[in-house]
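To start, the structure under review is shown below, and the notes come after it.
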Amino acid sequence: MSSAMGLKSYAAVDLGASSGRVMVGRVDPDRLELTEAHRFPNRPVRTPEGLRWDVLALYAGVLDGLRAAGQVDSVGVDSWAVDHGLLDADGALLGNPVHYRDARTEGVARKVWATLPPEELYAATGLQYAPFNTLYQLVAASGTAQFAQARRLLLIPDLLTYWLTGEQGTELTNASTTQLIDPRTRDWSYEVADRLGIDLALFAPLRRPGDPAGMLTPRVLEETGLAGPVRVTAVGSHDTASAVAAVPASGERFAYICTGTWSLAGLELTAPVLTEESRAANFTNELGLDGTVRYLRNIMGLWLLQECVRAWGEPDLGGLLLAAARVPALRSVVDAGDAAFLAPGRMPERIAEACRASGQPVPASPAEVTRCLLDSLALAHRRAVEDAQRLAGHPVDVVHVVGGGTRNALLCQLTADACGLPVVAGPTEAAAVGNVLVQARAHGLVGDLAQMRRLLVRTQSLTRYEPRGGTERWRAAEARLADR
């Protein structure tokens, strides 16, 4: 399990919106190695009731991954935010969790705002408006037979942790995406819950990253072939919290972009920004490690390209990106944060329609659509980084790009060009790396956040992109979108 020299092994269960993975991190004070034990698809299912997560298949993938991982000292689970499972009084799951892209929350926000105006809601919770926030999901579910039977709500990583350990908790970084947490007190916003009639007793007690979350049960040990006891450690269970913990930054003057299905672009702060100007700019204040606040904007991200690639019959992505690099820059751009692109289906046609409606050249070939999307993402990254600095009064000198988008060299270079700042790309598996580091810290192998990041700089493969040319053409493209 552990060598005499202090090397320990940690399993990071990292669930994304399109795939899950179990990664094994081997850590000592001077080493951080990450290997993939198992990767499995995350395929939502459209049932007569709506869009649902196949959480049983995900749990089976986790068990397969732990079996493939071999003996480890600890396990940590992170996933996407806001979604959850409902349990009955016996602790049994009441149906598959609803997908955040399901239509049930359409129009719910206005119902909430009639009781609690958006300005007051933001001042209390600091959370951006998104139609799928847990708060709106709960209001949408109220009155249903399933919700009437619910005695416990567990966010997705907490649900899987419960199945692994038999113990229930609500990890704080993910809880902060529910729109029911006060980012100043780092506790529940009892006033918001009271005014909206939400029973906070539905939630299990709060845990913080690094807290013990139980032990693998005998049944799980038998299923995975692991020898007990094996601890489960609460990590930054919102995958973005784990990814930001794995930003290899030095000092405080940095922005980050966590790239994948979503792009989450912003700053790491010591206090939330709760101004009306911040709310109008749709920035969110989510909680991170060690008292930090993830002040960021959600951007549609590589979901746009993923949906196009699916519509085109899964062409070779490398060839597509090479062809896109030869397309003239900034010929057409769309608003990568537009909720019109949230739902799946017909993405190439919807991109073309948006360009046509704004009087821009309509991209026709896959290469032209891809270039439009990557230019649009880089432009959205630029806007988010500039707006965050202005709203928080927090200047930056470098942009760190972590996550799956680090594999996309064209997007990284375009982001450097658009921001007019150097981009440092890596690590690619940032959420899994952050997950592992929090477990290692709980076991005394690494120190505070700054020490974790120094270890990252020493051990991870990073690529630097310098900005090319001025930012005038990006400013002009931004103005083009603003004039729509």
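Side chains included, hydrogens not; waters and symmetry mates left out as well; all remaining heavy atoms used.
- Remark: the backbone N or O of His238 is not paired with any side-chain donor or acceptor of Asp78 at under 3.5 angstrom.
- Between Thr105 atom OG1 and Leu135 atom CG the span is 11.0 Å, to the nearest 0.5 Å.
- For CD of Glu252, the number of neighbouring non-hydrogen atoms (other residues, nucleotides, ligands) closer than 6.0 Å is 12 at most.
- Atom-to-atom distance recorded for Gln128:CD and Thr284:OG1 is 4.5 Å, nearest 0.5 angstrom.
- Two residues are said to be in side-chain contact when any heavy atoms from C-beta on lie closer than 4.5 Å; Pro97 and Ile156 meet this criterion.
- Between Gln439 and Arg441, the closest side-chain pair of non-hydrogen atoms is not below 4.5 Å.
- Surrounding CZ of Arg253 are more than 12 heavy atoms belonging to other residues, nucleotides or ligands, all under 6.0 Å away.
- At least one donor-acceptor pair closer than 3.5 Å links the side chain of Arg350 to the backbone N or O of Gly345.
- With contacts defined as side-chain heavy-atom distances shorter than 4.5 Å, the pair Arg26/Thr35 qualifies.
- No donor-acceptor contact under 3.5 angstrom links the side chains of Thr177 and Glu286, judged on distance only.
- Side-chain contact check for Leu321 versus Thr370: some heavy-atom pair is nearer than 4.5 Å.
- What you find for Tyr256 and Leu296 is that their closest heavy atoms are OH-CD2, 3.7 Å.
- Between the CD atom in Glu171 and the CG atom in Leu154 there is a gap of 13.0 Å [rounded to 0.5 Å].
- Side-chain N or O atoms of Thr259 include one that pairs as donor or acceptor with a backbone N or O of Val402 at under 3.5 Å.
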